[in-house]
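By convention in this document, chain letters (A, B, ...) are assigned in the order of the sequence lines, proteins followed by strands, and residues within each chain are numbered from 1. All figures in this text were calculated on a predicted structure; none of them were measured in a lab.
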Amino acid sequence: MYQWARELYPMCRSLTGEGTRQTLRFLQERLPGMRLVEVPSGTRAFDWEVPLEWNIRGAQIRDMSGRVLVDFADHNLHVMGYSEPICARVSREKLEHHLYSIKEQPDAIPYVTSFYERRWGFCVPHRLREALGPGPFDVWIDSTLAPGSLTYGELLLEGESSREVLLSTYVCHPSMANNELSGPVVTTALARWLMAQPRRRLSYRIVFVPETIGSIVYLSRHLEEMRRRTLAGFVLSCVGDERTYSYLPTRRGDTLTDRVARHVLKHHAGSFDAYSFLDRGSDERQYGAVGVDLPVALMMRSKFHTYPEYHTSLDDLSLITPRGLEGAYEAHRLALYVLEHNARWRTTTICEPQLGRRGLHPTLSTREGARRDVGVKGMRNLLAYADGRLDLVELAEAVGLAAWECVPLLKILEREGLVVRVEEGGARDELREALGE
Amino acid sequence: MYQWARELYPMCRSLTGEGTRQTLRFLQERLPGMRLVEVPSGTRAFDWEVPLEWNIRGAQIRDMSGRVLVDFADHNLHVMGYSEPICARVSREKLEHHLYSIKEQPDAIPYVTSFYERRWGFCVPHRLREALGPGPFDVWIDSTLAPGSLTYGELLLEGESSREVLLSTYVCHPSMANNELSGPVVTTALARWLMAQPRRRLSYRIVFVPETIGSIVYLSRHLEEMRRRTLAGFVLSCVGDERTYSYLPTRRGDTLTDRVARHVLKHHAGSFDAYSFLDRGSDERQYGAVGVDLPVALMMRSKFHTYPEYHTSLDDLSLITPRGLEGAYEAHRLALYVLEHNARWRTTTICEPQLGRRGLHPTLSTREGARRDVGVKGMRNLLAYADGRLDLVELAEAVGLAAWECVPLLKILEREGLVVRVEEGGARDELREALGE
Amino acid sequence: MYQWARELYPMCRSLTGEGTRQTLRFLQERLPGMRLVEVPSGTRAFDWEVPLEWNIRGAQIRDMSGRVLVDFADHNLHVMGYSEPICARVSREKLEHHLYSIKEQPDAIPYVTSFYERRWGFCVPHRLREALGPGPFDVWIDSTLAPGSLTYGELLLEGESSREVLLSTYVCHPSMANNELSGPVVTTALARWLMAQPRRRLSYRIVFVPETIGSIVYLSRHLEEMRRRTLAGFVLSCVGDERTYSYLPTRRGDTLTDRVARHVLKHHAGSFDAYSFLDRGSDERQYGAVGVDLPVALMMRSKFHTYPEYHTSLDDLSLITPRGLEGAYEAHRLALYVLEHNARWRTTTICEPQLGRRGLHPTLSTREGARRDVGVKGMRNLLAYADGRLDLVELAEAVGLAAWECVPLLKILEREGLVVRVEEGGARDELREALGE
């Protein structure tokens, strides 16, 4: 995953344009079956409209001696996203209105965009801004804002059931690592894991979209089926560093997605920073909007807006690590595993079954005896709580184990004919629950 | 309000009689439209009966030298409420059985009544009691207990809806300030504010009654319509000092009244002393009784029974202050404002609307940008949570603002066509909620 | 109770056999009406089968000089429960495989059984084990494992209603006091108290069974009627020492049984150790099993598995005390009292009744007045909360009194015609609640 991120890092992504297409093609090579979709500029999507396509080839600020002071070639954050083209000689004073920097972080290039109003601008380290001479300066931005299209990637993995899990991530930020590249690479790794599974109970909808407008466009084309089919979902964002784990729940906060995610983070991460939907900031804003109401949440490492490097050139490849990516990957993989195995189980015997006869329990009763054996204790507790109403997560919480520790024990009990799945109720309830009903 | 309290202070109020009538007339002059109602002695009201009317002109204890030791003219608390007339020479020992004082508060005259059994008595500072000579004494109480009537005041303010809010306060305590006069004066000020409103969505029922028997008599005449119409209600008592804020909830504790009151006190007072219905003591006992079940609570300053001056002559005009009255007035005014504007809102767009286009959001995206602007953040959060189910208080709690901060933002969004009211559901639910169903 | 325990202590109880029968006959003499039931070996009961009957007459380990090293006559824990007969000369090494001791408790004889697989063994203090010579040894166990029957005791006490309370305890442990004998003797004392009541609203099902197999056999014969009739129930185990009180709830944890038991322990014991159904260990495992779902819990003193003497010869008559037994007896007696008097009450008046007229309230109103009188305060609060929906426990919790303090006050109010029972609703709701619905 880290290697992919390194290769994707230099590409200049935005809401639209070649950098984003190039990124999606790179992922497509690793995800056979993924479709790239082009949506023409001007297309309506609910309250929005697909903007013009933006492409940029270069940009510079030069002084009168021709010395290059700022060069897009050095860092693609140097140009404000969606800058219109310009080629002019401007005074220092005029230039000031088009410069963006962060006084408190004098070495950071800020990430600034103006997607929905025509502007041009340069983003620079504050230190450099102060070192600029009296001017005048030659500013030049070789960009185009023209009718074209917005591009997104879609990968559908069919399973035995039409109920599906949504994985959504975004591909619209230029060279930034935790808040952006970690998302697409972890999502790609998860998709490859899912494709490698011999059997999938659930279907999966995996989308790579430019943030906000991309998810809105995608929803405008698939809302009804997604509302009908979506059981749970995650937006993958900020999943690359090692500092912490964070959870941002659905608006309702009690859907199947939330129960699974909290259970996974509790057992996988131990502790995590719990946020509210008030702290939302990525495409969960659209998936969780009133009238859309998909049960989509985020399991993150360091949450957007909360770490100092956020939305600056300091959010680079040194911020994310293979271990950081791996931890987030594992959390999501476990969540998908739990969803795949989620069901309700019911015991088949009245009163406790005779486990000793089946070699599942020591026949010698000493004070320590059974209590030493975690497996025996787990099976006895699962039998005690498997009432056909609790689903896997509730059952695991009831007996104090991780869901993925319960699954193998439940399979032994199932093989012995001591528990059966209550698929029907399960399915209906899960769906009801997913819809927060 | 403080000036009104000063003028009302000397009048000798009781369950019945001229002092109470005089008080009600004083308020009537300030509340055009208020009716004074007379209910004859002996009238049945549920398990109760209107008592004889009590009036008193004077009372004294004199020693043999004719020196006046205790004089009703000095303080109307000197005579036990509903004392029967007496004119006799009594021994010190006999007198003892008719004297009331508080050892722990030697300078305080206690407030003592005997409404439902014939007695006579004098209330005196313990210090004075101990200074009384050996006697005998001439005691004289010029009072009358005779068929007459109980008097209450009623002001009905019609609004667009028949659903109404009850404001109830009592007018039966002699010269005491926090526990009594603060109630009628704050209620009067609120009524004047309501009358001054250009438009009222709700109706208001404002009653000034003698405590207990008065509210029972009033309920015996209006129970059915009150049960049908009452959305929320407050008893105004102990709303004059500056020491603290207190909340005494409805019996169920989760009605609309409770949600509104707690929200108001949290945002207006910050912290407050939370009591239970077990701590009830005024007319909420009747309004909240089983079979009456009106959602009536109290937002107080220092709660009755909890402050040392309670029910003594020390509860005088020095205990209440203009600022104390103002704070309680404001808490109730805000609660009425929230009730007036309470509704459920629902967004009209699917996914987030494009606020930038409407000038409701900065078009330049920098890291700080939108997050600095409270209004923008508030509107975005209101749009995210306005699902047509949350009412104003729930919506305000969800986004972490005071309801009165949300109303103007919701009006902007309504004007822009981004949210609509779900009056119907709202109304029904509110009513259901008010009835605790 | 302590005296009974002393007399029962020497008998050698097991799942089956004469020791258990002898114990049950001893209790039968004190419980006229109790039936002893014999269930033949081999009888199926759900997933189980009644084992062969085990009887033992003696057992010894002797050295070559004929000196007796271990003798069943000294302590019946010396022989592993259900040991098959043996008479042989064995080497020290061979013997080792049949010796059980606890290194950490060198003076304790452990309690070991092998009910469902044929074994033979001796249980000895670790100190003695180490002092055994090099051998060889003559081991001799004069036991029989032969078709016979399992014996249990059943006492049914009919009441006015067919809804019943289950009391279950076990009679299968050899000489141990807290974990076992405390249960049968406290249960017997409770049964005698119930038989002495002039009037019983509820019926009672009191069973003395060998643990696990006994309750399973009993359930296999009475499940349907028990599911239909059982309102609440308790397993009596570990109710003899003075160290603490413990509570082990039903699986659902919110049934009538749980509400009553927690209320009783809070007011009777003050504090108690709260466990979860995960900590279960006695016949609540069967009564609370999925598909059985009887609301059965345990109010214990020191819980099984939690005290060092558990399942060893140290759990002897010095561990339990008359005071310890008495405290547990009282907790259960109070729980039965609450269940007997449980109902829903509703006030008959609208608004508060006039208590003064009925001599239930002082007619003189002073600041202290009514608040001093607990009874008056209790009655006023009961009247305020008796809405026909709260049952006795809920009502008691609402007014902050113990249920048994409320009953006499409610009876006064009932006599005065101020409250009535809402039996119907009550009964249905209780039942629904008992079934956790």
**Student:** Would you please test A/Ser282 and A/Glu211 for side-chain hydrogen bond (donor to acceptor under 3.5 Å, both in side chains) and show each step?
**Tutor:** CA-CA 7 Å; A/Ser282 184; A/Glu211 211 174 16; 2.8 Å; yes
**Student:** In Å and rounded to the nearest 0.5 Å, what is the OH to OG distance from A/Tyr170 to A/Ser215?
**Tutor:**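 It comes to 11.0 Å.
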**Student:** Out of A/Glu49, A/His311, A/Arg280, which one racks up the most heavy-atom pairs below 4.5 Å with chain B?
**Tutor:**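 Most heavy-atom pairs within the cutoff with chain B belong to A/Arg280.
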**Student:** So for A/Leu223, is it side chain, backbone, both, or neither that comes closer than 4.5 Å to the heavy atoms of chain B?
**Tutor:**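 Contact with chain B: side chain only.
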**Student:** So, A/Tyr218 and A/Arg205: side-chain donor and acceptor under 3.5 Å apart, yes or no?
**Tutor:**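 Yes, A/Arg205 and A/Tyr218 have a side-chain donor paired with an acceptor closer than 3.5 Å.
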**Student:** Determine the sole option in B/Arg200, B/Arg229, B/Arg163 for which the salt bridge (Lys or Arg N to Asp or Glu O under 4.0 Å) test with B/Glu158 is passed.
**Tutor:**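 Testing B/Glu158 for a salt bridge (Lys or Arg N to Asp or Glu O under 4.0 Å) against B/Arg200, B/Arg229, B/Arg163 leaves exactly one candidate, B/Arg229.
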**Student:** Is A/Tyr100 in contact with chain B via its backbone, its side chain, both, or neither, using a 4.5 Å heavy-atom distance?
**Tutor:**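 For A/Tyr100, the contact with chain B is made by the side chain alone.
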**Student:** Is the cationic atom of B/Lys303 (NZ for Lys, CZ for Arg) positioned less than 6.0 Å from the six-membered ring centroid of B/Tyr275 and within 45 degrees of its normal?
**Tutor:**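 Pair B/Lys303/B/Tyr275 counts as cation-pi.
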**Student:** Working note: B/Trp404 + B/Val264, criterion side chain to side chain contact (heavy atoms under 4.5 Å, CB included); need CA distance, chi angles, decisive distance, verdict.
**Tutor:** CA-CA 9 Å; B/Trp404 47 94; B/Val264 164; 3.8 Å; yes
**Student:** Side chain, backbone, both or neither: which part of A/Leu219 has a heavy atom under 4.5 Å from chain B?
**Tutor:**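 For A/Leu219, side-chain heavy atoms alone lie under 4.5 Å from chain B.
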**Student:** Is A/Thr312 in contact with chain B via its backbone, its side chain, both, or neither, using a 4.5 Å heavy-atom distance?
**Tutor:**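 Just the side chain, heavy atoms under 4.5 Å.
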**Student:** I'd like to verify something: which residue of B/Thr349, B/Asn381, B/Leu383, B/Thr348 has the highest number of heavy-atom pairs under 4.5 Å with chain A?
**Tutor:**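 Ranked by heavy-atom pairs under 4.5 Å with chain A, first place is B/Asn381.
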**Student:** Check whether A/Phe277 gets within reach of chain B through its side chain, its backbone, both or neither, counting any heavy atom under 4.5 Å.
**Tutor:**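 Both parts, heavy atoms under 4.5 Å.
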